[in-house]
Each structure stands twice: as C-alpha cells, then as structure tokens.
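Presented below is the structure to which this report refers.
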Amino acid sequence: QVQLVESGGGLVQPGGSLRLACTTSGRAFKRVAVGWFRQAPGKGREFVATISWSASSTVFAGSVKGRFTISRDNAKNMVYLHMNSLEPEDTAVYYCAEGRAAVGGPRADEYKYWGQGTQVTVSS
C-alpha cells in the first residue's frame with residue numbers, strides 16, 4: 001500500500017514563503033498527476049494546485065494563482081508546492097494526493113491516495 005508523505009509546513013509571517021514537499025513510501029509515484037489540497041479550520045477541503053505526470057500541465061485555484069507554483073522531480077520521486085506571498089487565509093492543513101490519470105483536475109475524486117497533511121500557519 002502506498003503512503004504519501006508531506007513535509008515542509010510550519011509557521012511563517014504574512015508575506016513569507018514556504019516550500020512543501022510530497023513523496024511516497026511503499027512505491028514510487030505512478031505515472032499520474034499529483035495534486036495539493038488544503039483544509040482550513042471549520043472549512044471543507046479545497047483544491048490548491050495540480051501537476052501532470054510530465055509536468056507539462058499545471059492548474060491552480062484562483063485564490064493562489066500568481067503566488068503558488070507547483071513542480072515535480074520524477075527522478076527523485078518528489079512533488080513540490082512553492083508558496084509565496086503567504087496570507088493568513090492560507091493557514092490550513094495541506095495534503096498531497098496521487099491522481100488516477102496522467103492529467104488531473106480540481107476534484108478530490110480525481111485522486112486516489114492521500115497523505116496525512118502538513119500544517120501551514122501564516123501569522124505575525
């Protein structure tokens with residue numbers, strides 16, 4: 001059974017940056033998309049970004065477009081979420097998820113395996 005493992009979360013001041021990382025244990029990522037989602041306290045899980053297997057296609061939520069980027073290094077079995085100009089509204093638990101196809105979208109049901117999440121807190 002594959003497990004997805006996120007890292008890189010923490011406390012950051014508004015305007016700051018963080019890089020989240022996602023990898024797997026048990027096996028490498030399949031040749032599929034990987035997405036990032038987040039869940040803030042008292043809110044539902046929401047889509048943040050996704051990247052295709054080949055990294056040729058990326059999609060971002062409107063709330064993070066222009067501030068976040070997503071990348072992957074398939075040779076290292078890593079997917080990254082680069083978060084810049086962080087705002088208090090970005091505070092949430094961030095999850096990575098392995099998709100069901102080479103290209104993914106914003107729906108949670110497009111992703112099969114999920115990590116346990118990493119906390120990101122943006123506060124002064």
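All residue numbers in this chain count up from 1 along the given sequence.
Applying the salt bridge (Lys or Arg N to Asp or Glu O under 4.0 Å) rule to E46 yields the partners R38; only residues at least two apart in sequence or on another chain are considered. Taking Q119 as the reference, T91, V93, T121 meet the side-chain contact (heavy atoms from CB on, under 4.5 Å) condition, with sequence neighbours excluded. In terms of the salt bridge (Lys or Arg N to Asp or Glu O under 4.0 Å) criterion, E6 has no residue partners (sequence neighbours excluded). Here Y111 pairs with F37 under the ring-ring contact (aromatic ring centres under 6.0 Å, His included) rule; sequence neighbours left out.
Each of D90, V64, V59 was checked for a side-chain contact (heavy atoms from CB on, under 4.5 Å) with V48, and the lone residue meeting it is V64.
Remark: E87 CD to S63 OG distance equals 8.5 Å, nearest 0.5 Å. Atom CD of residue E89 and atom CG of residue L86 lie 11.0 Å apart, to the nearest 0.5 angstrom. T50 OG1 to R107 CZ: the interatomic distance, rounded to the nearest 0.5 Å, is 11.5 Å.
In this structure the side chain of C22 never reaches within 4.5 angstrom of the side chain of V5, judged on heavy atoms. Between I70 and F60 the shortest side-chain heavy-atom distance falls below 4.5 Å.
Although no hydrogens or angles enter the test, the distance criterion places a donor-acceptor pair under 3.5 Å between the side chain of R72 and the main chain of S52. Not a single donor-acceptor pair under 3.5 Å links the side chain of N74 to the backbone N or O of N77.
Across all their heavy atoms, S71 and H82 have their closest contact at OG-NE2, 2.8 Å.
Clustering ILVMFWY residues whenever any of their side-chain heavy atoms sit less than 4.5 angstrom apart, transitively, puts W53 in a cluster other than the one holding V2.
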Quiz item: Which is it for Q116 and Q3 under the side chain to side chain contact (heavy atoms under 4.5 Å, CB included) test, yes or no, and what are the steps along the way?
Solution: CA-CA 9 Å; Q116 294 298 306; Q3 290 186 323; over 6 Å; no
Practice problem: Given side chain to side chain contact (heavy atoms under 4.5 Å, CB included), test T24 with Y113 step by step and report yes or no. | Solution: CA-CA 10 Å; T24 57; Y113 296 106; over 6 Å; no
Quiz item: Step by step, would you call L81 with Y94 a side chain to side chain contact (heavy atoms under 4.5 Å, CB included)?
Solution: CA-CA 10 Å; L81 183 68; Y94 283 71; 4.0 Å; yes
Only distances under 3.5 Å count here; give the side-chain donor-acceptor pairs of residues 26-34 to other protein atoms, sequence neighbours excluded, each with its distance to 0.1 Å.
| unit_1 | atom_1 | unit_2 | atom_2 | d |
| --- | --- | --- | --- | --- |
| R27 | NH1 | E98 | OE2 | 2.9 |
| R27 | NH2 | E98 | OE1 | 2.8 |

Which pairs of donor and acceptor atoms, one on a side chain in residues 8-21, lie under 3.5 Å apart (sequence neighbours left out)?
| unit_1 | atom_1 | unit_2 | atom_2 | d |
| --- | --- | --- | --- | --- |
| S17 | OG | N84 | OD1 | 2.9 |

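Within the cation-pi definition used here (under 6.0 Å to the ring centroid, within 45° of the axis), R45 qualifies as a partner of Y95.
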